[in-house]
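See below for the structure under consideration.
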Amino acid sequence: MKRIEICIGLSVLALSAKSQVKESQPNIIYIIMDDLGYGDIGCYGSGKIETPNIDRLCKDGISFTQHYTGSPVSAPARCVLMTGMHSGHAQIRANDEMAYRGAIMNYDSMYVHPNLEGQYPLKANTMTIGRMMQQAGYVTGCYGKWGLGAPGSEGTPNKQGFDSFYGYNCQLLAHSYYPDHLWDNDKRVDLPDNNLNVQYGKGTYSQDLIHSKALAFLDEAAKDKDKPFFMWYPTIIPHAELIVPEDSIIKKFRGKYPEKPYRGAEPGSPGFRKGGYCTQFYPHATFAAMVYRLDVYVGQIVQKLKDMGVYDNTIIIFSSDNGPHMEGGADPDFFNSNGIWRGYKRDVYEGGIRVPMIISWPGRVQPNTETDFMCSFWDLMPTFREVLDLKVDTRNMDGVSILPLLQNRKGQKEHEYLYFEFLEMNGRQAVRKGDWKLVHMNIRGNKPYYELYNLASDPSEKHNVLNLFPKKADELKTIMKEAHTEDPNWPLFR
């Protein structure tokens, strides 16, 4: 493990600051973006999108260069994060839509039939991060996209550890920024100004509304200073489709980039009624404006914490659920969204699963530092467990606590390997051990195959060296086999 100290001599400053911080359970805010690429923010190398508030979090905390999501798509990534189990053991291993299970769609509304809204649910009484926080006496809230259990199921946020929820239950609906409804806990909230009779883009922008509810949660939490809070903020930005309100933010970016209009569905058309992505004449400017808008949200959250007087006792985590997408007119190649990494969303190559992570914790985490420690979504739950000093059983979890790393002390455990599986596209697997990575492709197809890469010498995964290192490939194949637990709900093999 290598730790790069960007600012020399700050360890003494950090220790001094630590002694001034109130010794109490920290508040925790976890912000997760949707399909944000590794290179889409300034502190991770973006030269085309401004993200000053996220960059400031970087300066205030530690950034990770080898952090991985739990899966290259939404629902299983969130399941891994919430339960601390990688995708070879997780309850949910794919984007399993209730609408597809029901095999009917209702085009009289913008998306799916209400009785078929949502995704395959987490089981009742699952030990999630939210439930663990509740057991520790935290007030818990989730604001954004859920995707882990349809309305009325055992998998809804209120039944999985969150006192309050506002946003999208269903990730299919979350493809639209102007949905016809959202959910306030278990109550459906219709948005009558977002319908096909209103000019699209002139109604209620869902992210502004959800963000206002998140800020209100913080205001409410401020009333009880003796009770800590945990807020999970899974925004849908910058997931397709590409659209933002006509305000000063979009005007900031129009004319800044070359543009090729994306021809999607128009309001009133059958394609739009079925949930097709809208036409966008300024796709580059709009994508940049969406990321910048989220950056403004981040700044407002930080300022709210400072106004409340709790910023110095709050852990803020920022990350993304998987690599960049290409739907709806998005152009990750133009923005260099995946940096030097190969692949995009749905890939188990680095570009699909390596994501940014920033952790700010004033007085505890040494500011303006960077680490190449290899970690993943399934490490967050064990980390929170250690932060809270809880006796939650972690034997079924695959993660390791990264608290020693955050506190710059000895005793940090390292992963023997990281494992990923993905059920779509005929099935895919990946194992990373040290610098070596084995990829298994087209698993349920007629010609499955393996690829082997050394990320130290070939970080972009351009040179398959499977035939040159057969013993290393066999070693990783064994790990791949042991890491996967077969589940009839999620068949990886034929």
Original post:
In terms of side-chain heavy atoms, does Lys145 have a donor or acceptor partner in Ser74 at a distance below 3.5 Å?
Top reply: yes
Original post:
Salt-bridged, Glu461 to Lys437, with N to O below 4.0 Å?
Top reply: yes
Subject >> Presence of salt bridge, Asp190 and Arg188, under 4.0 angstrom >> reply: yes
Original post:
Does any donor atom in the side chain of Glu451 or Tyr453 lie under 3.5 Å from an acceptor atom in the other side chain?
Top reply: yes
**OP:** Ignoring hydrogens and angles, tell me if any N or O in the side chain of Thr65 forms a donor-acceptor pair with the backbone of Thr371 under 3.5 Å.
**Re:** yes
Subject >> Tyr450 six-ring face occupied by Lys477 cation (under 6.0 Å, within 45°) >> reply: yes
**OP:** Answer yes or no: is there a donor N or O on one side and an acceptor on the other, between the side chain of Tyr44 and the main chain of Met357, under 3.5 Å?
**Re:** yes
**OP:** Report yes if the side chains of Ser319 and Phe377 come closer than 4.5 Å at any heavy-atom pair, otherwise no.
**Re:** yes
Subject >> Stacked cation flag Arg428 on Phe422, 6.0 angstrom / 45 deg >> reply: no
Original post:
Under 4.0 Å between a Lys/Arg side-chain N and an Asp/Glu carboxylate O for Glu327 and Arg346?
Top reply: yes
**OP:** With sequence neighbours excluded, tell me which residues meet side chain to side chain contact (heavy atoms under 4.5 Å, CB included) with Gln303.
**Re:** Lys306, Asp307
Original post:
For the ring pair (Phe, Tyr, Trp, His ring centres under 6.0 Å) test, which of Phe420, Tyr349, Tyr38, Phe373 pairs with Tyr68?
Top reply: Phe420
Subject >> Ring-face cation of Lys433 near Tyr417 (centre distance under 6.0 Å, axis angle within 45°) >> reply: no
**OP:** Could you tell me whether Glu421 and Arg93 make a salt bridge, using a distance below 4.0 angstrom between a side-chain N and a carboxylate O?
**Re:** yes
Original post:
Checking Thr383 side chain against Asp379 main chain: does a donor-acceptor pair fall under 3.5 Å?
Top reply: yes
Original post:
Between Asp321 and Thr69, do the side chains contain an N or O donor and an N or O acceptor separated by less than 3.5 Å?
Top reply: no
Original post:
Is it true that Trp183 and Phe162 have ring centroids separated by less than 6.0 Å?
Top reply: no
Original post:
Cut-off 3.5 Å, side chains only: do Asp55 and Thr51 have a donor facing an acceptor?
Top reply: yes
Subject >> By side chain to side chain contact (heavy atoms under 4.5 Å, CB included) - contacts of Asn454 (at least two apart) >> reply: Asp435, Trp436, Ala456, Ser457
**OP:** Ignoring hydrogens and angles, state whether a donor on the side chain of His325 or Asp34 is under 3.5 Å from an acceptor on the partner side chain.
**Re:** no
**OP:** Salt-bridge test for Arg293 and Asp208: reply yes if a basic N is under 4.0 Å from a carboxylate O, no otherwise.
**Re:** yes
Subject >> side chain to side chain contact (heavy atoms under 4.5 Å, CB included) partners of Ser212, counting only residues at least two apart >> reply: Leu209
Original post:
Between the side chains of Gln429 and His484, is a donor N or O closer than 3.5 angstrom to an acceptor N or O?
Top reply: no
